[in-house]
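These notes are about the structure you will find just below.
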Amino acid sequence: MTRQLTTQNATITTAAVEVKTLTISGKQVTLAVFRQLQEEPLIAQDGTLNGEPWGVVNYHPDKCSDAPAHLHVVWQHDGELRRSAVQMPADGRHSHPAADLYVQARIIYGTVHRPRTQPKAGDSLILNEKVAGVWRTFAKGRFKHDGMDFEGAVPDRLRREWSRYEGTTPDEDRLAFERALAAFGISHTEPEEQATAKLLAALPTEQYRATVSYLSTLPQLFIAV
């Protein structure tokens, strides 16, 4: 019977050649046990840690070896162990509530590119692309900020209004948008340039990079095949 891995029975041991292994009740943890650890984000929305990291495992339990560069970190949440796939800052697309609002703000204020066109020079926000002669609208807007790629979710109704370019925003989406802005200390009456600048400033890029840099220095934990 497979034993549950907890912070009470799990330990890290160091061999003579400084190889650290993750063990459970004195026996080296297997791939099967590692896969059973609950996947949960280690990095919080503000870029800090949600718990105490133990180390990095060079194994891709979710067949994600071809995904953008990332680390698989074993970490402690209260009295339980978790695993987390931590995306490297310069790879893949990152999500954040402020990124969602930034994309929605650009649509609502009418400063994003029109459907079936490319953004203007210097503007990284894009909502569609042309593939094999056909325009395809993204489910999430994509943009770059401070050296990181982000994606922002857009409500279906709002995305449809943008794709038709009717210049209107569904009332439910606008009210939800205004409430979400208030959570970031931004009034919906503020000018678009000021509001979007505050949303970009709320993206914790510097803290995220610092946290990932620290995680990259953690010891590698070896598990049994």
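Keep in mind that the numbers below use all heavy atoms, side chains included, and drop hydrogens, waters and symmetry copies.
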Checking side-chain polar atoms at under 3.5 Å, does Ser187 have a donor or acceptor matched by the opposite partner on Thr189? yes

Closest heavy-atom pair and its distance - Ser84, Glu39: CA-OE2, 3.3 Å

Are any side-chain N or O atoms of Thr211 and backbone N or O atoms of Gly47, one a donor and one an acceptor, separated by less than 3.5 Å? yes

State plainly whether one hydrophobic cluster holds both Trp162 and Trp135, where clusters connect Ile, Leu, Val, Met, Phe, Trp and Tyr through side-chain heavy atoms under 4.5 angstrom apart. no

Has the side chain of Asn50 got a donor or acceptor atom that lies under 3.5 Å from a matching backbone atom of Pro41? yes

So, Gln28 side chain and Phe222 main chain: donor-acceptor pair closer than 3.5 Å or not? yes

Could you tell me whether a side-chain N or O of Arg83 sits under 3.5 Å from a main-chain N or O of Arg35, the two making a donor and an acceptor? yes

Within the distance-only criterion (no hydrogens, no angle test), does the side chain of Asp123 pair as donor or acceptor with the backbone N or O of Leu125 below 3.5 angstrom? yes

Indicate the ring-plane relationship of His96 and Phe184, choosing parallel, tilted or perpendicular according to the 30° and 60° boundaries. tilted

Of all the heavy-atom pairs spanning Leu101 and Ala180, show the shortest one and how long it is. CD2-CB, 3.4 Å

Measure the acute angle between the ring planes of His94 and Phe150, then classify it against the limits of 30° and 60° as parallel, tilted or perpendicular. tilted

Go through the steps to decide whether Arg174 and Asp171 satisfy the test salt bridge (charged side-chain N to carboxylate O under 4.0 Å, His left out), and finish with yes or no. CA-CA 5 Å; Arg174 177 172 286 277; Asp171 290 340; over 6 Å; no

Would a distance-only check, ignoring hydrogens and angles, find a side-chain to backbone donor-acceptor pair under 3.5 Å from Gln207 to Asp46? no

Hey, is the main chain of Arg160 close enough, under 3.5 Å, to the side chain of Ser163 for a donor-acceptor pair? yes

At their closest point, which heavy atom of Ile126 faces which heavy atom of Phe138, and how far apart are they? O-CD1, 3.8 Å

Measure across Leu215 and Val56 and return the closest heavy-atom pair with its distance rounded to 0.1 Å. O-CG2, 3.8 Å

Taking the side chain from Gln118 and the backbone from Lys120, do they hold a donor-acceptor pair closer than 3.5 Å? no

Starting from the C-alpha separation in whole Å, work towards a yes-or-no answer on side-chain contact (heavy atoms from CB on, under 4.5 Å) for Ile107 and Phe177. CA-CA 11 Å; Ile107 295 174; Phe177 170 73; over 6 Å; no

Within the structure provided, determine whether Arg106 and Val103 are in side-chain contact (heavy-atom separation under 4.5 Å). no

Taking all atoms of both residues into account, what is the closest heavy-atom pair of Ala85 and His70, and its distance? CB-CD2, 4.2 Å

Gln104 side-chain N/O to Ala153 backbone N/O, donor-acceptor pair under 3.5 Å: yes

Could you see if Leu175 belongs to whatever hydrophobic cluster contains Ile108? Use Ile, Leu, Val, Met, Phe, Trp, Tyr and a side-chain cutoff under 4.5 Å. no

Minimum heavy-atom distance Ala195-Tyr109, with the two atoms named: CB-OH, 4.3 Å

Roughly how far, to the nearest 0.5 Å, is the CD atom of Gln220 from the NE2 atom of His72? 12.0 Å

Under 3.5 Å, side chain of Asp149 to main-chain N/O of Asp91, donor-acceptor pair present? no

